[in-house]
Amino acid sequence: MHPAGLAAAAGTPRLPSKRRIPVSQPGMADPHQLFDDTSSAQSRGYGAHRAPSSLGYPAAPASAQATFLNDPVSNMAMAYGSSLAAQGKELVDKNIDRFIPVTKLKYYFAVDTMYVGKKLGLLVFPYLHQDWEVQYQQDTPVAPRFDVNAPDLYIPAMAFITYILVAGLALGTQDRFSPDLLGLQASSALAWLTLEVLAILLSLYLVTVNTDLTTIDLVAFLGYKYVGMIGGVLMGLLFGRIGYYLVLGWCCVSIFVFMIRTLRLKILAEAAAEGVPVRGARNQLRMYLTMAVAAAQPLLMYWLTFHLVR
């Protein structure tokens, strides 16, 4: 050994040796950690395989979508679903007339402004009208907009809605308005209309009348009385009970004449429609039925409106 080295070794005190701990490499666990931290590894693993979509959810791989679209089973299922939906639509279109006569309803709503004006004038002033025959074209009645004598559902429907609104206005001016009372007014009017239709159909069956008068025709003819009811209530609000009785009385007489001249062509025999005196017990019953239906209209007009004017 070199003398200088020995001297240095002899003159310098020896320090205690320290244990060297190896530095942990990336990916190695900390020796002082009790459990392994796997969160970072999982996040790296998920981030490496699936990237977030524009909505923040993991997007499916493009290869999986292409595989689903190209799958023959999925294509067959989509084709079967489309054909099933088309068959269901066709079935509904064919059978909808069994429950809702859409074709017939289109006829009753085929009106225009000129027809509505003429029909309202006929309902209020039926005394000067001469020709009450419904026009036909190839055994089919023409649309209401071409014949003022044809029944329609537009005026009865609009008149019923307007009647409910006018009733609400009348109740409001008397501080008696409430949704329940207005609903009771509407349901009462509908109930009376339903009872009228059922009673007339039963009477026609008992009298054995062979007529082309349908249920929708009855609803149309019976719904015309709401026009006079609206006029009576409005005049009652403006001029009191005197105006109500004057206008309602005029409208009651008008609707009575209108129903007599209209229904006699539907219920009475052809001879009675041509002006020949009615003979026979069956024709007498038909005449009484026509008079009863016409007479019931003024009574119901008064019953459904007298409490709205005070």
Side-chain angles (χ1 to χ4, degrees), residues 105 107-135 141-167 170 186 189-190 192-193 196-197 200 213-239 243-268 273 289-306 308-309:
L105 290 179
Y107 165 80
Y108 288 96
F109 283 94
V111 301
D112 55 9
T113 305
M114 184 175 296
Y115 167 82
V116 172
K118 290 182 179 180
K119 194 72 170 187
L120 292 177
L122 182 60
L123 293 173
V124 180
F125 302 99
Y127 314 103
L128 301 178
H129 192 64
Q130 299 298 328
D131 186 13
W132 293 86
E133 290 283 349
V134 177
Q135 300 179 11
V142 299
R145 63 174 176 267
F146 301 117
D147 184 15
V148 71
N149 296 323
D152 71 284
L153 288 178
Y154 177 80
I155 293 178
M158 295 297 104
F160 177 79
I161 296 174
T162 307
Y163 161 70
I164 300 302
L165 296 177
V166 171
L190 284 177
W192 279 109
L193 181 62
E196 281 186 281
V197 173
I200 295 174
L213 191 65
T214 63
T215 304
I216 303 179
D217 291 337
L218 289 177
V219 174
F221 289 134
L222 299 176
Y224 287 138
K225 64 175 172 287
Y226 295 115
V227 176
M229 294 164 58
I230 295 170
V233 175
L234 288 178
M235 291 299 103
L237 293 177
L238 295 176
F239 304 105
Y244 165 75
Y245 283 116
L246 288 177
V247 175
L248 186 68
W250 177 275
C251 293
C252 287
V253 176
S254 299
I255 197 65
F256 179 81
V257 174
F258 173 83
M259 294 296 289
I260 287 291
R261 295 185 177 180
T262 301
L263 293 181
R264 73 185 181 90
L265 302 178
K266 299 287 186 179
I267 297 179
L268 295 180
L289 177 59
T290 304
M291 297 289 293
V293 174
Q297 305 311 303
L299 297 178
L300 289 174
M301 291 171 65
Y302 176 75
W303 176 257
L304 294 174
T305 55
F306 79 97
L308 299 175
V309 180

Under 3.5 Å, side-chain donor or acceptor atoms of residues 113-123 against the rest of the protein: list the pairs with distances, not counting sequence neighbours.
residue : atom : partner : partner atom : Å
Y115    : OH   : A150    : O            : 2.9
Y115    : OH   : D152    : OD1          : 2.7
K119    : NZ   : V148    : O            : 2.8
K119    : NZ   : A150    : O            : 3.2

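- Under the side-chain contact (heavy atoms from CB on, under 4.5 Å) criterion, F239 pairs with M235, not counting sequence neighbours.
- Residues P126 and R261 approach most closely at O-NH1, 3.1 Å, considering heavy atoms.
- Between I200 and F221 the shortest side-chain heavy-atom distance does not fall below 4.5 Å.
- Annotation for Q135 and D147: closest pair N-OD2, 2.9 Å, computed over non-hydrogen atoms.
- Shown here for L248 and G228, the closest heavy-atom pair between the two residues is CD1-O, 4.0 Å.
- For Y107, the OH atom is densely surrounded, since the number of other residues' heavy atoms within 6.0 Å is greater than 12.
- T262 is not listed as a side-chain neighbour of N149, based on a closest heavy-atom distance of 4.5 Å or more.
- Shortest non-hydrogen contact noted between A189 and Y226 is O-OH, 3.5 Å.
- Using a 4.5 Å cut-off on side-chain heavy atoms (C-beta onward), K225 and M259 make no contact.
- For L299, the CG atom is densely surrounded, since the number of other residues' heavy atoms within 6.0 Å is greater than 12.
- Note that the CD1 atom of I230 and the CG atom of L165 stand 9.0 Å from one another [nearest 0.5 Å].
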(request) Please lay out, stage by stage, how Y127 and W250 fare under the test ring pair (Phe, Tyr, Trp, His ring centres under 6.0 Å). (result) CA-CA 12 Å; Y127 314 103; W250 177 275; 5.7 Å; yes
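- The CH2 atom of W192 lies 8.0 Å from the CG atom of L304; values are rounded to the nearest 0.5 Å.
- Closest of all the heavy-atom pairs between A170 and V233 is CB-CG1, 4.3 Å.
- Ring-plane geometry between Y302 and F306 is classed as parallel, the angle between the planes falling under 30 degrees on a 0 to 90 degree scale with a further cut at 60.
- Taking CG of L263 as the start and CG of L289 as the end, the distance is 8.5 Å to the nearest 0.5 Å.
- To the nearest 0.5 Å, atoms CG (L190) and CG (L193) are separated by 7.0 Å.
- Between the OG1 atom in T305 and the CE atom in M229 there is a gap of 5.5 Å [rounded to 0.5 Å].
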(request) Apply the test side-chain contact (heavy atoms from CB on, under 4.5 Å) to residues T290 and I260: give CA-CA distance (whole Å), side-chain angles for both, the deciding distance (0.1 Å), then the verdict. (result) CA-CA 7 Å; T290 304; I260 287 291; 4.2 Å; yes
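- Summarising the geometry of P151 relative to P144, their closest heavy-atom pair is O-CG, 3.7 Å, with the distance given to 0.1 Å.
- Considering F258, F160, Y163 as possible partners of Y224, the one that fulfils the ring-ring contact (aromatic ring centres under 6.0 Å, His included) test is F258.
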